[in-house]
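Written below as structure tokens is the structure these notes are about.
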Amino acid sequence: MGMDGMGGVVLFGAAAFVGVATADMFVRAWTGVMRTVALLVLYFRRRISGETLFLRLNTAIPLAILCGLTLYICFLLYFRTYGLGRSESEQVGYFLGAVGRTFFYLIGVNRLIEAMFDPRDGG
């Protein structure tokens with residue numbers, strides 16, 4: 001598949017979009033896993049009740065599962081079904097999109113983790 005002309009630009013843009021989308025789904029899934037661990041730590045340290053644990057896990061676990069499955073399906077469709085992501089230009093586009101999204105996540109991750117261990121809110 002050639003990467004010349006407008007088709008190359010479109011594939012580069014699509015790859016950058018997929019990079020942002022998959023990085024976002026990974027970040028959200030990973031946040032759900034971290035939130036689950038934080039809630040268990042708070043519960044076992046007796047900082048939250050069993051009811052609070054249950055209520056908060058009802059959002060953290062489904063979010064992690066949903067985003068993880070969405071990430072898997074996105075990769076399955078993009079790479080296997082449509083056969084995209086093979087050219088160097090697409091890989092650079094994907095990389096730039098994923099790194100950009102991950103950078104913004106890392107900027108606020110410290111506050112996010114601190115909020116997860118706050119028994120009043122739980123992040």
Side-chain angles (χ1 to χ4, degrees):
M1 171 177 354
M3 285 299 298
D4 44 334
M6 190 60 162
V9 172
V10 169
L11 288 176
F12 179 85
F17 174 79
V18 170
V20 170
T22 55
D24 190 66
M25 287 300 105
F26 175 78
V27 161
R28 291 174 189 270
W30 182 242
T31 300
V33 170
M34 288 191 310
R35 185 167 285 135
T36 299
V37 170
L39 288 169
L40 291 172
V41 168
L42 288 171
Y43 175 73
F44 287 117
R45 289 187 173 181
R46 301 188 194 288
R47 307 244 353 249
I48 60 172
S49 68
E51 180 183 358
T52 301
L53 172 68
F54 180 74
L55 290 171
R56 292 182 185 170
L57 285 178
N58 276 324
T59 57
I61 292 174
L63 180 69
I65 292 170
L66 178 66
C67 291
L69 286 174
T70 302
L71 176 65
Y72 173 75
I73 290 168
C74 188
F75 280 135
L76 186 70
L77 291 173
Y78 188 77
F79 295 113
R80 288 223 174 139
T81 303
Y82 296 114
L84 298 172
R86 299 185 196 285
S87 74
E88 192 173 308
S89 176
E90 289 173 285
Q91 292 169 11
V92 169
Y94 180 89
F95 175 78
L96 292 174
V99 166
R101 171 59 182 104
T102 305
F103 174 75
F104 285 108
Y105 172 72
L106 292 175
I107 288 174
V109 75
N110 189 40
R111 285 187 307 268
L112 179 67
I113 292 171
E114 287 175 4
M116 287 179 192
F117 284 97
D118 183 354
R120 294 168 292 164
D121 185 316

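Here the shortest heavy-atom pairing between Y78 and A14 reads OH-C, 4.3 Å. Taking each heavy atom of S89 and G8 in turn, the nearest pair found is OG-O, 4.5 Å. Residues G97 and V20 share a closest heavy-atom pair of O-CG2, 3.4 Å. The two atoms that bring Q91 and R86 nearest to each other are NE2-O, 3.2 Å, heavy atoms only.
With a 4.5 Å cut-off on side-chain heavy atoms, L42 and M116 do not count as touching. Using a 4.5 Å heavy-atom cutoff, the side chains of F117 and R45 are not in contact.
Residue L106 is grouped with residue V27 when hydrophobic side chains (ILVMFWY) are merged at heavy-atom distances under 4.5 angstrom, including chains of intermediate members. In terms of hydrophobic clustering, with Ile, Leu, Val, Met, Phe, Trp and Tyr side chains grouped at heavy-atom distances under 4.5 Å, F26 and F104 are assigned to different clusters. Under the 4.5 Å side-chain heavy-atom criterion for grouping Ile, Leu, Val, Met, Phe, Trp and Tyr, V18 is connected to Y105 within one hydrophobic cluster. A continuous path of hydrophobic side-chain contacts links F44 to L57 [ILVMFWY only; heavy atoms under 4.5 Å]. By the criterion of side-chain heavy atoms lying less than 4.5 angstrom apart, applied directly or through intervening Ile, Leu, Val, Met, Phe, Trp or Tyr residues, L77 is grouped together with L84 in one hydrophobic cluster.
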Pair V9, F12 - check side-chain contact (heavy atoms from CB on, under 4.5 Å), show working. CA-CA 5 Å; V9 172; F12 179 85; 5.6 Å; no

Compile the donor-acceptor pairs under 3.5 Å between side chains in residues 61-75 and protein atoms, sequence neighbours left out, one pair per line.
unit_1, atom_1, unit_2, atom_2, d
T70, OG1, L66, O, 2.8

In a table with atom names and distances, give each donor-acceptor pair under 3.5 Å that connects a side chain of residues 47-55 to protein atoms at least two apart or in another chain.
unit_1, atom_1, unit_2, atom_2, d
S49, OG, T52, N, 3.1
S49, OG, T52, OG1, 3.0

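Residues in residues 5-27 take part in these side-chain hydrogen bond (donor to acceptor under 3.5 Å, both in side chains) pairs, two or more places apart or across chains: T22-Y94, D24-R28, D24-R101.
For the atom pair L40 CG and R35 CZ, the distance stands at 13.0 Å (nearest 0.5 Å).
Summarising the local packing, CZ of F79 is surrounded by more than 12 heavy atoms from other residues, nucleotides or ligands at distances under 6.0 Å.
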